Colleague: 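Structure below; questions to follow.
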Protein chains: 2
Amino acid sequence: MAHVVTASCPEERIVRAVERFRAVLYGRDLRMTSVREAIVRAALEYDGHFHVQELARVLQERGLRDASVATVYRAMPLLVEAGIVQPALVSAGDEQRYEAAFERPHHDHLVCTQCGDVVEFHDEVLETLQRVIAERYGYELTGHVHELLGCCPKCRKKKR
Amino acid sequence: MAHVVTASCPEERIVRAVERFRAVLYGRDLRMTSVREAIVRAALEYDGHFHVQELARVLQERGLRDASVATVYRAMPLLVEAGIVQPALVSAGDEQRYEAAFERPHHDHLVCTQCGDVVEFHDEVLETLQRVIAERYGYELTGHVHELLGCCPKCRKKKR
DNA sequence: ATCCTTGCAAAGTCTTTGCACGGGA
DNA sequence: TCCCGTGCAAAGACTTTGCAAGGAT
């Protein structure tokens, strides 16, 4: 299929992400490379949560511009710093998981411990409450790890 | 020093914990051993959060009843099941951390990303809100991972 | 031309597992 | 006595790192 500009235009978003990444690299005297650009693209095009080995596998299957696992491992901290991706799903296995973060609103996760299904949610009251609690102890809140664990509707039906 | 019964009597709490552990083991046709009892004691006497290697080191330094790292690794899932300890501090390093849970109220953690200082907090509104959010998506909440990350009062002063 | 980047393989960590002996009930 | 528990060492899994060749500015 030829190049298509859709309504939400994912291609332009990726271009902006690459540009931001270039700026972050420039600011640290690092270089933009075709491999790094491929990693940014793969990370943003990936649907859902992924880990490093998985992203490397995708890149190698495409074959266009592959990246070794080591290179992807080395790139991830930079992608996080640039806001392209963010760590996610801490309660899922050994590997560090990530998800696209560029031009996406903040959210937390609700995970089904039975089937692994994941729902993203956002609640402003919750965000505020966390800040209030931190201030209660004199802390300045800079981030949080928050994951709700439960049983999803489908699995609840099955159990009956 | 001779055996001393203090006001809060930590010794009796440990005895109750050992008994509960014995019951859980019995229910699964497993056996209480002196090594497992030593692990329960060490876990409950440990002040703060620990990981497996650390607990094993403590047990070996005492020398009374040492336990190999492998044995402690094998025991932890059982201690969790018995409610003696619980996983904690997910955002701190590679190793799985634990903390005493027996006869202690539920709480979450507020961690200083500068100095590593940890504050335990509990907020009933927060607990309820999480349940409400889960129900909003038809989920039955069974647990959560929640860690607030920030800058503690001391580190905030230093930065100025 | 300089020096960062990459792939490969080796090394590091944390955790799990196989095995033979020791110990609990 | 039966069979689980334990220590030791080996194996696994994920991640990091050393090194020499390749690529970006």
Side-chain angles (χ1 to χ4, degrees), chain A residues 18-19 21-40 42 49-82 85 87-98, chain B residues 18-19 21-40 42 49-82 85 87-98:
Chain A
V18 171
E19 280 317 299
F21 195 37
R22 191 187 305 280
V24 169
L25 291 171
Y26 182 82
R28 302 189 43 167
D29 277 314
L30 301 177
R31 294 164 187 173
M32 174 57 91
T33 66
S34 58
V35 174
R36 283 183 175 148
E37 179 170 338
I39 293 172
V40 170
H49 305 84
F50 58 89
H51 46 176
V52 169
Q53 314 250 4
E54 166 73 359
L55 198 65
R57 195 184 57 69
V58 169
L59 280 160
Q60 283 159 14
E61 281 183 356
R62 290 191 189 179
L64 300 174
R65 203 64 187 79
D66 56 326
S68 72
V69 176
T71 298
V72 180
Y73 270 114
R74 282 188 275 235
M76 295 316 290
L78 295 170
L79 294 225
V80 171
E81 183 184 334
V85 301
L89 290 190
V90 294
S91 67
D94 288 352
E95 330 91 315
Q96 174 64 62
R97 308 230 161 205
Y98 297 91
Chain B
V18 170
E19 280 319 300
F21 195 38
R22 191 187 307 280
V24 168
L25 291 171
Y26 182 82
R28 302 188 42 167
D29 276 315
L30 301 178
R31 294 163 186 172
M32 175 56 92
T33 65
S34 57
V35 173
R36 283 182 174 152
E37 179 170 338
I39 294 173
V40 170
H49 306 84
F50 58 87
H51 46 160
V52 170
Q53 314 251 3
E54 167 73 358
L55 198 65
R57 195 184 57 69
V58 169
L59 282 160
Q60 283 159 15
E61 280 183 357
R62 288 190 189 179
L64 300 174
R65 202 64 186 79
D66 56 328
S68 72
V69 177
T71 298
V72 180
Y73 270 113
R74 282 187 273 235
M76 295 315 290
L78 295 169
L79 294 224
V80 171
E81 183 184 334
V85 301
L89 290 190
V90 293
S91 66
D94 288 350
E95 329 91 315
Q96 174 65 61
R97 308 230 161 204
Y98 297 92

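Bear in mind that the values here come from a model prediction, so they are computed numbers and not experimental data. In what follows, chains carry the letters A, B, and so on, assigned in the order in which the sequence lines appear, proteins first and then strands, with residues in each chain numbered from 1.
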Colleague: Measure CD/Glu37(A) against P/dT5(C) and give the value in whole Å, please.
Modeller: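 These atoms are roughly 15 Å apart.
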Colleague: To the nearest 0.5 angstrom, please state how far the CZ atom of Arg97(B) sits from the NE2 atom of His51(B).
Modeller: 5.0 Å
Colleague: Nearest to the side chain of Asp94(B), which nucleotide is it out of dT15(C), dT15(D), dC14(C)?
Modeller: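 From the listed options, dC14(C) comes nearest.
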Colleague: If a protein heavy atom is under 4.0 Å from the base, mark B; if only from the sugar-phosphate, S; if neither, -; do that for nucleotides 5-12 of chain D going 5' to 3'.
Modeller: SSBB----
Colleague: To the nearest 0.5 Å, what is the distance between CZ (Arg31(B)) and CZ (Arg36(B))?
Modeller: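 Between Arg31(B) CZ and Arg36(B) CZ, I get 9.5 Å after rounding to 0.5 Å.
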Colleague: Quick one: are Tyr98(B) and Leu55(B) in side-chain contact, heavy atoms under 4.5 Å?
Modeller: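 Result no, sub-4.5 Å side-chain heavy-atom pair not found.
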Colleague: Please report the interatomic distance CG(Asp66(A)) to CZ(Arg57(A)), rounded to the nearest 0.5 Å.
Modeller: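 With rounding to 0.5 Å, CG (Asp66(A)) is 14.0 Å from CZ (Arg57(A)).
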Colleague: Separation of His51(A) atom NE2 from dA13(D) atom C1', in whole Å?
Modeller: 12 Å
Colleague: Passes side-chain contact (heavy atoms from CB on, under 4.5 Å), Met32(B) versus Val18(B)? Steps please.
Modeller: CA-CA 9 Å; Met32(B) 175 56 92; Val18(B) 170; 3.8 Å; yes
Colleague: Take the protein atom CD of Gln60(A) and the nucleotide atom P of dT6(C), then report the distance between them rounded to whole Å.
Modeller: 14 Å
Colleague: Arg22(B) CZ to dG24(C) P: how many Å, rounded?
Modeller: 12 Å
Colleague: Please report, rounded to the nearest Å, how far the P atom of dA11(C) is from the OH atom of Tyr73(A).
Modeller: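 Rounding to the nearest Å, OH of Tyr73(A) and P of dA11(C) are 19 Å apart.
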Colleague: Base, sugar-phosphate or nothing for Gln53(A)? Non-hydrogen atoms, less than 4.0 Å.
Modeller: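 Base contact.
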Colleague: For residues 67-79 of chain A, please give each side-chain donor-acceptor pair under 3.5 Å, one per line with the distance, not counting sequence neighbours.
Modeller:
{"residue": "Ser68(A)", "atom": "OG", "partner": "Thr71(A)", "partner atom": "N", "Å": "3.2"}
{"residue": "Ser68(A)", "atom": "OG", "partner": "Thr71(A)", "partner atom": "OG1", "Å": "3.1"}
{"residue": "Tyr73(A)", "atom": "OH", "partner": "Gln53(A)", "partner atom": "NE2", "Å": "3.4"}

